Amino acid sequence: MTTPRTATPVAPHPRPRTTRSAGATLVALTRQTWAGLRVLLVLTAVLGFAYPLAVAGIAQAAFPWQANGSLVSADGAHVTAPDEAVGSLLVGQSFEGDEWFHPRPSAGGYDTLASGGSNLGPTNPDLLATVRERRADVAAMEGVDPASVPPDALTASGSGLDPDISPEYAHQQVDRVAQARGLSAAEVTSLVDETTQGRDLGVLGEPRVNVLELNLALTTMGS
């Protein structure tokens with residue numbers, strides 16, 4: 001009986017090592033650098049100049065009011081010149097006095113240069129103390145049960161510049177505003193309902209009332 005042969009493994013033939021000269025290395029590096037630089041220049045021109053200018057041009061042509069900050073004048077008209085505006089419907093501002101609807105609190109004092117939240121967590125003792133103080137103040141001002149004060153009257157928005165309040169908070173301020181302006185509660189309530197915006201596309205977000213828009217509309221009803 002013949003014993004089968006076992007194949008002897010053959011070691012792979014070593015590949016010859018090629019040595020690149022310093023000049024060739026420099027040439028390859030220069031080519032790669034120039035290629036990367038060209039890509040950088042093209043992307044900078046397209047994404048840093050052409051695209052922003054195109055978007056700005058389309059916005060100015062199709063939506064000039066929104067593109068210039070959604071500014072409104074004292075009579076509520078849409079304007080694009082800052083010197084004609086009393087505010088922007090996108091930026092909250094402070095209203096003091098019983099004759100005005102009040103916005104939600106602001107950690108930055110409604111200063112656009114200090115936009116931001118308090119960055120305090122929900123269990124932070126300072127935040128909890130502030131919420132308790134705000135609840136007591138709002139309840140006393142509006143003559144309501146502290147437990148009925150809505151959350152947006154107690155906490156600041158993440159930007160500190162939220163222009164909207166909830167319909168619940170707006171309705172809670174109706175009696176105070178109506179009394180201060182010599183109007184009936186029914187008239188002011190109707191105005192709140194007229195300025196209440198629903199959910200976007202019927203499903204996105206929550207119903208809201210723009211405080212600046214509401215207060216400007218309020219001035220046309222007398223004082």
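Computed from a predicted structure; not experimentally measured. Numbers here simply count residues along the sequence, with the first being 1.
Residues forming a side chain to side chain contact (heavy atoms under 4.5 Å, CB included) with Asn215 (at least two apart in sequence, or on another chain): Phe95, Trp100, Phe101, Val211, Leu218. Listed by chain and number, the residues in a salt bridge (Lys or Arg N to Asp or Glu O under 4.0 Å) with Glu206 are Arg199 (sequence neighbours excluded). Remark: Ala67 engages Ala59, Gln60 in a side chain to side chain contact (heavy atoms under 4.5 Å, CB included) (not counting sequence neighbours). Asp200 pairs by the salt bridge (Lys or Arg N to Asp or Glu O under 4.0 Å) definition with Arg208, not counting sequence neighbours. Checked against ring-ring contact (aromatic ring centres under 6.0 Å, His included), Phe63 has no partners two or more places apart in sequence or in another chain. Take Asp111 and apply the side chain to side chain contact (heavy atoms under 4.5 Å, CB included) test, not counting sequence neighbours, and it matches Leu113, Ala114. Partners of Thr196 by side chain to side chain donor-acceptor pair (under 3.5 Å), not counting sequence neighbours: none found.
Gln179 CD: 12 or fewer foreign heavy atoms inside a 6.0 Å radius.
Contact annotation: the side chain of Asp193 approaches that of His171 to within less than 4.5 Å [non-hydrogen atoms, C-beta and beyond]. Within the 4.5 Å cutoff, the side chain of Gln173 has heavy atoms near those of the Ile165 side chain. Leu216 places a side-chain heavy atom less than 4.5 Å from the side chain of Val86.
The two residues Pro167 and Pro207 come nearest to each other via the heavy atoms CD-O, 3.3 Å. Here the shortest heavy-atom pairing between Ser118 and Ala107 reads N-CB, 3.6 Å. Nearest heavy atom pair, residue Pro103 against residue Ser94, reads CG-CA, 4.4 Å. Pairing each heavy atom of Gly69 with each of Leu90, the nearest pair is O-CD1, 4.2 Å. Across all their heavy atoms, Ser88 and Leu212 have their closest contact at O-CD2, 3.6 Å. For the residue pair Arg104 and Asp152, the shortest heavy atom distance occurs at CB-O, 2.9 Å.
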### Task
Before giving the answer on side chain to side chain contact (heavy atoms under 4.5 Å, CB included), spell out for Glu213 and Val72 the whole-Å C-alpha distance, their side-chain angles and the decisive distance to 0.1 Å.
CA-CA 9 Å; Glu213 184 179 26; Val72 292; over 6 Å; no
### Task
Mind running side chain to side chain contact (heavy atoms under 4.5 Å, CB included) on Gln172 and Val138 for me, showing each step along the way?
CA-CA 10 Å; Gln172 201 168 75; Val138 172; 4.2 Å; yes
### Message
Does Asn210 form a side chain to side chain contact (heavy atoms under 4.5 Å, CB included) with Thr195? I'd like the steps, not just the answer.
### Response
CA-CA 7 Å; Asn210 188 281; Thr195 54; over 6 Å; no
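Rounded to the nearest 0.5 Å, atoms CZ (Arg181) and OG1 (Thr219) are 7.0 Å apart. Atom CZ of Arg31 is separated from atom CG of Leu26 by 11.0 Å, given to the nearest 0.5 angstrom. A distance of 4.0 Å separates CG in Leu161 from OG in Ser115, rounded to the nearest 0.5 Å.
The hydrophobic cluster containing Val203, built from Ile/Leu/Val/Met/Phe/Trp/Tyr side-chain heavy atoms closer than 4.5 Å, also comprises Leu201, Leu204. Here Leu40 is tied into one hydrophobic group with Trp34, Leu37, Leu41, each link being a pair of ILVMFWY side chains closer than 4.5 Å. Grouping Ile, Leu, Val, Met, Phe, Trp and Tyr by side-chain contacts under 4.5 Å, direct or through others, leaves Ile58 on its own.
Panel note: side chain Ser190, backbone Glu187; no donor-acceptor pair is recorded below 3.5 Å.
If you chain together hydrophobic residues whose side chains sit under 4.5 Å apart, Leu183 and Val209 fall into the same group. One hydrophobic cluster, built from ILVMFWY side chains closer than 4.5 Å, cannot hold both Val91 and Leu71; they sit in different ones. Residue Leu154 is not grouped with residue Leu128 when hydrophobic side chains (ILVMFWY) are merged at heavy-atom distances under 4.5 angstrom, including chains of intermediate members. The same ILVMFWY cluster, assembled from side-chain heavy atoms under 4.5 Å apart, contains both Val131 and Leu120.
Every pair passing side chain to side chain donor-acceptor pair (under 3.5 Å) that includes a residue from residues 134-144 is listed here, sequence neighbours excluded: Glu142-Arg176. Within the structure, ring-ring contact (aromatic ring centres under 6.0 Å, His included) contacts touching residues 71-94 (residues at least two apart or in different chains) are Trp65-His78.
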